[in-house]
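Order of listing sets the numbers, starting from 1, for every ligand and every atom in it. The structure displayed is predicted, hence computed values, not measured ones.
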Amino acid sequence: MSSRRQFIKQSVMGAASLGLITDLVQGQPKPVAGTPIVISTWDFGVPANQAAWDVLTRNGRALDAVEAGVKVAEADLSNPTVGKGGYPDRDGFVSLDACIMDEEGNCGSVAALEHISHPISVARMVMEKTPHVMLVGEGALQFALENGFTKEDLLTPSSKQAWEEWLKEKKYKPIMNIENKSFNTERLPGNQYNHDTIGMLALDAFGNLSGACTTSGMAFKMRGRVGDSPIIGAGLYVDNEIGGATSTGVGEEVIRTVGSFLVVELMRQGYSPEEACKEAVQRIVKKKPDTAKEIQVGFLALNKKGEYGSYALQSGFSYAVCNQEKQDLILKGKHIF
Ligand code: ASP
């Protein structure tokens with residue numbers, strides 16, 4: 001690194017850690033207290049956050065950070081809930097959902113996308129290269145292939161094995177907190193191992209927020225089923241004046257309550273990130289008390305000041321935090337039941 005860049009980086013880090021808001025040379029970030037920071041859902045957010053952190057500490061944009069971060073989870077073949085290696089639908093097709101949102105309110109999304117291992121990058125391209133927000137299925141695949149992505153078989157031998165196991169009973173029931181089991185050491189029978197998503201929120205050294213969310217959705221879902229993760233306002237929402245929120249868990253309930261948008265709007269009214277996430281899960285309980293007892297939904301939020309929090313329906317939800325103090329923190333989400 002050149003000594004000038006090194007100097008600027010150290011100045012930024014130093015200013016940020018002192019909590020100062022300082023104007024540097026024109027064109028350089030104005031460090032904001034509490035920045036940079038990146039948070040993401042579940043324990044597998046730790047390595048993802050670290051990739052995002054590399055971008056943030058080089059004074060990169062939050063948008064670049066969240067894309068780089070969630071790509072780590074998408075590329076992890078041992079993670080059966082995101083990207084390549086994600087469990088297929090009930091007919092054996094791996095179909096992925098993802099969305100991304102930047103500090104200007106631009107957003108892009110793909111749903112039911114097959115054969116492409118980094119749906120988040122296709123979502124970003126939808127945002128940046130088309131007049132649309134969302135592309136789905138065949139059209140999303142065509143767009144990806146036209147823009148340089150390569151067609152791949154996303155069904156790994158172990159995902160295929162889990163699906164074949166599931167086919168023996170063909171039960172479809174999301175099991176909560178299966179995610180507590182280690183992916184690598186404990187493969188569960190196909191009808192139990194179920195869902196998760198990486199949702200990531202970052203605040204960069206310029207004080208700008210972005211978010212990304214990517215998943216293979218509920219394992220063994222109906223063909224064509226799309227959850228909350230690629231839906232702007234449900235699985236992810238960012239308002240650069242206020243904060244951002246993302247979700248994981250049974251997407252149908254998050255869509256019904258427009259969960260992430262709700263969390264951001266509650267923060268606008270003065271709720272802390274944790275209070276806002278709590279109110280959002282309470283809405284699910286209020287609307288569907290019986291269902292709520294049996295499913296997992298977790299929200300994660302980050303506000304403009306770099307404060308963060310989460311709340312889930314059930315115990316077992318975890319999230320990863322990466323900031324100046326610590327790059328591999330895992331916290332347990334508070335919960336209703
Ligand atoms: N929210 C995802 C979906 O419904 C799954 C999850 O995060 O557990 O597709």
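Residue Thr197 places at least one N or O, backbone or side chain, under 3.5 Å from an N or O of ligand 1. Any N or O atom pair closer than 3.5 Å counts here, and Asp196 shares at least one such pair with ligand 1.
If you look at Ser229 next to ligand 1, the close heavy atoms, those under 4.0 Å, all belong to the side chain. Contact annotation: for Glu253 versus ligand 1, there are no heavy atoms closer than 4.0 Å. Of all the heavy atoms of Met218, the ones lying under 4.0 Å from any atom of ligand 1 are found in both the backbone and the side chain.
No side-chain heavy atom of Leu96 sits under 4.5 Å from any side-chain heavy atom of Val110.
In this structure, Arg225 is part of the shell of residues with a heavy atom less than 4.0 angstrom from ligand 1.
Residues that satisfy the side chain to side chain contact (heavy atoms under 4.5 Å, CB included) test with Ala276, not counting sequence neighbours, are Val263, Leu266, Met267, Tyr271.
Ligand-side atoms of ligand 1 in range of Thr248: 6 (C), 7 (O), 8 (O), range being under 4.0 angstrom from any heavy atom. Taking every non-hydrogen atom of Gly217 and a distance limit under 4.0 Å, the qualifying atoms of ligand 1 come out as 9 (O).
Salt-bridge check for Glu274 with Lys278: failed, with every basic side-chain N at 4.0 Å or more from each acidic carboxylate O. Electrostatic pairing of Lys288 and Asp290 does not count as a salt bridge here, judged by no charged N lying under 4.0 Å from a carboxylate O. Classification of Arg61 and Glu67 as a salt-bridged pair fails, no side-chain N sitting under 4.0 Å from a carboxylate O. Salt-bridge check for Arg256 with Glu252: failed, with every basic side-chain N at 4.0 Å or more from each acidic carboxylate O.
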